[in-house]
Protein chains: 2
Amino acid sequence: MADSDSEEGLTREEMQQQEEVEPPPKRAKQDAFAKLMAPKPKSIPPPPKPPGSRPHLFKNRMALGAYIANPESYPASVVIYHNADFVVIHDKFPKATVHTLLLPRSPRHSLLHPFEALEDEQFLGKVKAEVEKLKVLVAGELQRRLGAFSRADASREAVLNGEADVLEGKVDEATEDGQDQDQDHGKGKSNRRNKEPALPSGRDWAAEIKCGVHAVPSMGHLHIHVLSRDMHSPAMKHRKHYNSFNTPFLVDVADFPLESSDFRRSSKDEGFMRRDLVCWRCGANFGNRFKELKDHLEREFEEWKRE
Amino acid sequence: MADSDSEEGLTREEMQQQEEVEPPPKRAKQDAFAKLMAPKPKSIPPPPKPPGSRPHLFKNRMALGAYIANPESYPASVVIYHNADFVVIHDKFPKATVHTLLLPRSPRHSLLHPFEALEDEQFLGKVKAEVEKLKVLVAGELQRRLGAFSRADASREAVLNGEADVLEGKVDEATEDGQDQDQDHGKGKSNRRNKEPALPSGRDWAAEIKCGVHAVPSMGHLHIHVLSRDMHSPAMKHRKHYNSFNTPFLVDVADFPLESSDFRRSSKDEGFMRRDLVCWRCGANFGNRFKELKDHLEREFEEWKRE
DNA sequence: TATTCCGATAGTGAC
DNA sequence: GTCACTATCGGAATGAG
Ligand SMILES: Nc1ncnc2c1ncn2[C@@H]1O[C@H](COP(=O)(O)O)[C@@H](O)[C@H]1O
Ligand SMILES: Nc1ncnc2c1ncn2[C@@H]1O[C@H](COP(=O)(O)O)[C@@H](O)[C@H]1O
Ligand SMILES: [Zn+2]
Ligand SMILES: [Zn+2]
């Protein structure tokens, strides 16, 4: 995983066409004369747009297909890795500090709705295994980005560097897991101890990572979101962005296979997206006021990265 | 009536206060924990705003009172004229090329709703007479501003200047009215004719002037709008501006006294304001799309002023 | 149906 | 619940030594 920051403003051109004839009367109550009296509108009712022939709609929704088809054609800042069954990319519009997408390449599953695709148990098994792999990777990337701010990591580093006693840093939990690929290659200070009965474990970065699918994806190809939970990113711009990752709209991969009666199957209708905005970290309720949530998340991020 | 263009951007300062506690939950469904878990919001619920003590609300609504009380303290660009019974001003936010307000000074009527105030027949008589006076003045001001573009006026001027035959210009209607205070002081060309059986009457500018009150005024002091009907002005900024002058929401002074059963008495509730936007000149319906109406009015104005 | 600022909401277009 | 753009809609403040 190399750098990221895939930031590029898409330039769009547009032509403003004035002069129309009859608007779709939202709450029509125009009298019949109006139409006859309207000489100004040069009357070019834009071809009644035959639904179905919208190339761009198809193209935009199918954008993830390009990564699946030609993963090797992208730089490391876009495609993180790929193998026979999966392509892993940085989300082009990350909604959190680290936001990746796991794209299964299986043509038999790629165009299915995630709920359906993940009913295939064998396939689900592969996906879950790859998700675990990716989760470790993402946790490592998060540590690479934010580790320098972490007090928990600092405690561990201090002990490893011999700058502090094991008793100075407050022990978070018992040391158990081992996702600490710190590259302390011999540059440890001189007075390192031999017996370290309570080396601080460092921050559990993996606990900050979420893995799931959207109940109603917009992009056509099957993809699993693997992202940090901070929701701190310039691309996180509106309520749906936030709620799509902080309500049951995001279905954890661990919850699959979904029971046929699962409530997330039926309630696809906007319900989750319309929920009040609630801070994932402290539970503060912001109603519909996205801007205030956004500002709040900025401050939460500053505290969170220092944990 | 001197110049106008009372254009001045009001400067406002504002202070953004972050950090709030509990939003008014639009569609509240936050659990009880949220409140307890919210340590971040520094909890300064802005003083629950005691309703009634809003000095600025009162002041803004009463702003027209200053003209009535001290008309002499304003320049001619603001107060057009004043006498014992009336003050006439340029609307500070004109919604058309020429937009004036007739302010009756009578304390017995000034704070009444216009429907009520104009039930006093003697008072109504004075108002109607003054409105007619003002209407002529406004028509003259409109001619001063736009006369140079008018083909109808040009026809008349051409004949008066001897530049054209009376038969060249197409006769609009029979010459009858006489609101033409053209200042053709002796600079007429040499070959002016004596007998002019069909001198073009010039444009009927008074026909472009509307005089009326709003069914539900916002400003507290009684005022009658006297304005050109073009709705072409930078201050004409949203739907309510337009519909307040182009629906029955504007009640013509000539319609007074209003019958007790008049439909405009009862339907004060937003009905008129919510109507589709319809061009006053050609009847084109723009639904809710104010911007398109605005652009359309720009083009209508170019044609209209050349009539 | 005062103005102004700001932000939430809604529709569109994307070759 | 693609993004990006525009515009509509909606509430809150408007004061001041
Ligand atoms: N061209 C693209 N390349 C990479 N990611 C994309 C692209 N377009 C959209 N996305 C992301 O794809 C995800 C689709 O979300 P969803 O379909 O709701 O699960 C969003 O997080 C987008 O930011
Ligand atoms: N301070 C002011 N001086 C002059 N006209 C004003 C002022 N404030 C508002 N107006 C105008 O007063 C009119 C009041 O409209 P209404 O109460 O709806 O009949 C509007 O046309 C405003 O533009
Ligand atoms: Zn919070
Ligand atoms: Zn028109």
Side-chain angles (χ1 to χ4, degrees), chain A residues 8-17 24 26 46 49 53-64 91-93 95 213-221 223 235 237-245 247 249-250 268-274 277 287-292 294, chain B residues 9-17 24 26 46 49 53-64 91-93 95 101 113-114 213-221 223 225 235 237-245 247 249-251 268-274 277 287-292 294:
Chain A
E8 56 193 46
L10 305 183
T11 63
R12 297 290 159 86
E13 59 196 22
E14 63 199 67
M15 44 197 74
Q16 192 65 297
Q17 197 71 0
K26 274 295 168 48
K49 60 176 177 182
S53 73
R54 303 279 207 101
H56 45 277
L57 276 184
F58 182 83
K59 203 193 69 146
N60 293 331
R61 259 162 78 114
M62 293 297 117
L64 299 184
D91 193 297
K92 190 173 179 180
F93 307 94
K95 308 306 188 296
V213 300
H214 281 161
V216 182
S218 280
M219 301 304 275
H221 294 88
H223 55 282
K237 291 181 176 175
H238 54 247
R239 172 210 288 261
K240 286 181 177 180
H241 285 155
Y242 187 80
N243 275 350
S244 75
F245 290 104
T247 69
F249 192 86
L250 183 74
K268 295 179 179 180
D269 306 306
E270 310 226 345
F272 298 138
M273 291 310 187
R274 292 287 182 187
L277 294 164
N288 299 334
R289 301 185 311 283
F290 179 83
K291 179 58 155 43
E292 291 185 18
K294 182 87 176 163
Chain B
L10 305 181
T11 64
R12 299 288 159 85
E13 58 194 21
E14 63 199 69
M15 44 196 72
Q16 191 66 296
Q17 196 72 0
K26 275 294 169 50
K49 59 176 173 182
S53 73
R54 302 281 204 104
H56 44 278
L57 276 185
F58 181 83
K59 203 193 66 143
N60 295 331
R61 262 220 318 227
M62 293 296 115
L64 300 184
D91 193 294
K92 189 174 180 179
F93 308 95
K95 308 306 188 296
L101 300 178
H113 186 284
V213 299
H214 281 159
V216 184
S218 281
M219 302 304 274
H221 294 86
H223 55 282
H225 296 270
K237 290 181 175 173
H238 55 246
R239 173 212 289 264
K240 287 180 178 180
H241 287 154
Y242 187 81
N243 276 349
S244 73
F245 290 104
T247 69
F249 192 87
L250 182 73
V251 183
K268 294 181 179 179
D269 306 306
E270 308 230 344
F272 299 138
M273 292 312 189
R274 290 292 182 186
L277 295 163
N288 300 334
R289 302 185 310 284
F290 179 83
K291 180 57 159 42
E292 291 184 17
K294 182 87 173 159

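Quick note on labels: first sequence line is chain A, next is B, and so on, each numbered from 1. Quick note: numbers below take in every heavy atom, side chains included, and nothing from hydrogens, waters or symmetry partners.
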- Atom-pair distance (NZ on A/Lys291; P on C/dG7), nearest Å: 5 Å
- Side-chain donor or acceptor of A/Asn288 under 3.5 Å from a matching atom on the base of C/dA8? no
- Base, sugar-phosphate, or nothing: which does B/Met219 touch, judged by heavy atoms less than 4.0 Å apart? sugar-phosphate
- Message: Rounded at 0.5 Å granularity, tell me how far NZ in A/Lys95 sits from NZ in A/Lys237.
- Response: 9.0 Å
- Using the closest heavy atom to pick a nucleotide of DNA chain C for each, name whichever of B/Ser218 or B/Lys237 lands nearer the 5' end. B/Ser218
- A/Lys59 near the nucleic acid: base, sugar-phosphate alone, or nothing, with a heavy-atom cut-off under 4.0 Å? nothing
- Message: Using a 4.0 Å heavy-atom cut-off, does B/His214 contact any base of the nucleic acid, only the sugar-phosphate backbone, or nothing at all?
- Response: nothing
- Query: Can you check whether B/His56 has a side-chain N or O nearer than 4.0 Å to OP1 or OP2 of D/dA12?
  - Reply: no
- Item | Nearest-0.5 Å distance, NE2 of residue A/His223 to CG of residue A/Asp91 | 8.0 Å
- Task: Check the distance between D/dA16's P and B/Asn60's CG and give it to me in whole angstrom.
- Result: 11 Å
- Query: At what angle, to 10 degrees, do the two end axes of the helix from C/dA2-D/dT14 to C/dA14-D/dT2 meet, given five pairs define each axis?
  - Reply: 10°
- Query: With sequence neighbours excluded, what pairs up with A/Phe245 under the ring pair (Phe, Tyr, Trp, His ring centres under 6.0 Å) test?
  - Reply: A/His99, A/His214, A/His225
- Message: Taking any heavy-atom pair under 4.0 Å as a contact, classify A/Phe245: base, sugar-phosphate, or nothing.
- Response: sugar-phosphate
- Task: Would you check if A/Phe272 and A/Leu250 make a side-chain contact, meaning some heavy-atom pair closer than 4.5 Å?
- Result: no
- Message: For a quick check of understanding: with a heavy-atom distance under 4.0 Å over all strands, which category does B/Lys294 fall into, base, sugar-phosphate or nothing?
- Response: nothing
- Message: In whole Å, I'd like the distance from the CZ atom of A/Arg289 to the P atom of D/dG10.
- Response: 18 Å
- Query: If the P atom of C/dT3 is compared with that of D/dG17, how far apart are they to the nearest Å?
  - Reply: 26 Å
- Residues two or more places apart in sequence or in another chain: which of them pass side chain to side chain contact (heavy atoms under 4.5 Å, CB included) with B/Lys240? B/His238, B/Met273
- What does A/Leu57 touch in the nucleic acid at a heavy-atom separation under 4.0 angstrom: a base, only the sugar-phosphate, or nothing? base
- Task: For B/Phe93 and D/dT14, give me the distance from atom CZ to atom P, rounded to whole Å.
- Result: 17 Å
- Message: So, taking the atom named NE2 in B/His221 and the one named CZ in B/Arg61, what distance separates them when rounded to the nearest 0.5 Å?
- Response: 11.0 Å
- Under the 3.5 angstrom rule, does the side chain of A/Ser244 hit a backbone N or O of A/His241 as a donor-acceptor pair? yes
- Message: Among D/dT14, C/dT3, D/dG1, which nucleotide has an atom closest to any side-chain atom of A/Val216?
- Response: D/dG1
